[in-house]
Amino acid sequence: MHEYSIVRGIVEIAGTEAKKLGNCTVRSIELEIGALSGVEIEALEFIWDLAVQNSVLEDAQKKIVFISGKAHCLDCEKDFETSSFFDNCPYCGSNATGLVKGRELRVKSITII
Ligand SMILES: [Zn+2]
């Protein structure tokens, strides 16, 4: 499953950070996941417990921050909400638009004690 390997990647990041500080315990981890990141949050939640078993994140609290998609129109300079990469601008109809938010998939913060 796609989400399983994503969680394993997150485990690795957290493990590296915890090791840097001398094998401390990870208390919580905060993730940012964009609407257009290609990650199903439900699937990630579902696989989480299994994927973090026997890892530094086993007892860590997880917080997911969802980031909705936002694009910018190059013609009329307006921003608009979007859920696709190729939406035309709802204000002027231009297709010269670029995604500015929503592709995020990252560890925002890790609390280590
Ligand atoms: Zn526009």
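Just so it is clear, the structure is predicted and the values come from calculations on it, not from any experiment. Whatever order the structure lists them in is the order used to number ligands and atoms, beginning at 1.
Take Lys19 and apply the side-chain contact (heavy atoms from CB on, under 4.5 Å) test, not counting sequence neighbours, and it matches Asn23. Shown here are the side-chain contact (heavy atoms from CB on, under 4.5 Å) partners of Ser83, two or more places apart in sequence or in another chain: there are none.
Each of Ile113, Asp59, Val56 was compared with Thr25 under the side chain to side chain contact (heavy atoms under 4.5 Å, CB included) criterion, and only Ile113 meets it.
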Between side-chain atoms of residues 105-112 and protein atoms elsewhere (two or more places apart, or another chain), which donor-acceptor pairs fall under 3.5 Å?
residue: Arg106; atom: NE; partner: Glu32; partner atom: OE1; Å: 2.9
residue: Arg106; atom: NH2; partner: Glu32; partner atom: OE1; Å: 2.8
residue: Ser109; atom: OG; partner: Glu30; partner atom: OE1; Å: 3.1
residue: Thr111; atom: OG1; partner: Ser28; partner atom: OG; Å: 3.0

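At least one donor-acceptor pair closer than 3.5 Å links the side chain of Glu58 to the backbone N or O of Asn54.
Around the Zn ion (ligand 1), the protein atoms of type N, O or S that sit closer than 2.8 Å are Cys73 SG, Cys76 SG, Cys89 SG, Cys92 SG.
Taking both residues in full, the closest heavy atoms of Asp75 and Ser94 are given as OD2-OG, 2.5 Å, listed atom of the first, atom of the second, then distance.
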